[in-house]
Amino acid sequence: MGPLDAQLDELRDRYGDVATTMLPSGTTLVTIPSVRLPPGWSKPATSIRFLVPPGYPFAALDCFWADHDLMLDGNRVPMNAAHANPIPEDGAPGLWFSWHLTQPWNPNRDTLSSWMNTIVERMRRLQ
């Protein structure tokens with residue numbers, strides 16, 4: 001079992017149903033359905049999708065997608081998000097978040113779970 005498999009198991013322990021799709025480039029698309037959202041969003045939960053590059057864990061994770069119909073209350077699009085950026089190689093629509101780590105990726109510290117912590121924190125900020 002490699003680092004990706006072990007970290008996917010950790011995500012499954014935390015979120016239950018975690019799906020993966022191998023894309024033609026060797027990138028893994030990870031989908032976590034029904035991630036709870038705080039008040040202020042148009043829905044109580046959303047699917048979260050992100051790409052794990054072939055060079056993982058040495059290659060950093062970057063950006064993520066939520067359900068295409070997700071908005072902030074009042075039909076507002078969150079900051080640094082867009083509907084016009086489908087998931088590469090997959091083509092599925094989604095609300096794309098151009099959201100990045102505040103410190104450089106460290107494969108000795110950072111994991112899929114810490115990336116999900118970043119995503120969840122981003123969703124709490126309601127911007």
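Below, all heavy atoms of this structure are taken into account, side chains as well, without hydrogens, waters or symmetry copies.
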Fill in: Pair Y56-L112, side chain to side chain contact (heavy atoms under 4.5 Å, CB included): steps then yes or no
CA-CA 10 Å; Y56 185 84; L112 300 181; 3.7 Å; yes
Worksheet item: Is D67 reaching over with its side chain to a backbone N or O of S47, donor-acceptor style, under 3.5 angstrom?
Response: yes
Discussion item. Tell me which pairs pass salt bridge (charged side-chain N to carboxylate O under 4.0 Å, His left out) where either residue lies in residues 10-27, with sequence neighbours left out.
Written reply: D9-R12
Practice prompt. Would you give the length of the straight line joining atom CZ of R49 to atom CD1 of I32, rounded to the nearest 0.5 angstrom?
Written response: 11.5 Å
Practice prompt. Quick one: closest heavy-atom pair of G91 and P86, and the distance?
Written response: O-CB, 3.7 Å
Worksheet item: For the side chain to side chain contact (heavy atoms under 4.5 Å, CB included) test, which of L61, L4, L8 pairs with V30?
Response: L8
Discussion item. Can you tell me how far apart CG (N80) and CZ (R125) are? Round to the nearest 0.5 Å.
Written reply: 10.5 Å
Item to complete: Begin with the C-alpha distance, continue with both residues' side-chain angles, and end with the deciding distance and a verdict on side chain to side chain contact (heavy atoms under 4.5 Å, CB included) for V18 and M116.
Response: CA-CA 12 Å; V18 174; M116 271 307 293; over 6 Å; no
Worksheet entry | Side-chain heavy-atom pair D73, W41 within 4.5 angstrom cut-off | no
Practice prompt. Give the C-alpha distance, both sets of side-chain angles, the deciding distance and a yes or no for side chain to side chain contact (heavy atoms under 4.5 Å, CB included) between T31 and T21.
Written response: CA-CA 8 Å; T31 303; T21 303; 5.6 Å; no
Worksheet item: Looking at P53 and A59, what are the two nearest heavy atoms and their distance?
Response: CG-CB, 3.6 Å
Worksheet, complete the sentence: d(M79 CE, R122 CZ) to nearest 0.5 Å is 7.5 Å
Item to complete: Identify the two heavy atoms, one from T28 and one from M22, that lie closest to each other, and give their separation to 0.1 Å.
Response: OG1-CE, 3.7 Å
Worksheet item: Of all heavy-atom pairs between P93 and H68, which one has the smallest distance, and what is that distance?
Response: CB-ND1, 3.8 Å
Practice prompt. State, to 0.1 Å, how close A66 and T46 come at their nearest heavy-atom pair, and which atoms those are.
Written response: CB-OG1, 3.6 Å
Fill in: Main-chain N/O of T111 paired with Q7 side-chain donor or acceptor, under 3.5 Å
no
Response to the item:
Minimal heavy-atom distance between P54 and T27, with the atoms involved, is CD-OG1, 3.5 Å
Practice prompt. Check the pair F50 / W99 against side chain to side chain contact (heavy atoms under 4.5 Å, CB included), numbers first and verdict last.
Written response: CA-CA 11 Å; F50 59 86; W99 197 255; over 6 Å; no
Fill in: Partner of I48 under side chain to side chain contact (heavy atoms under 4.5 Å, CB included), chosen from Y15, W115, F64
F64
Worksheet item: Under 4.5 Å between any side-chain heavy atoms of L95 and H83, yes or no?
Response: yes
Worksheet item: Hey, what else clusters with I87 if you join Ile, Leu, Val, Met, Phe, Trp, Tyr whenever side-chain heavy atoms sit under 4.5 Å?
Response: L23, L29, L51, W65, W96
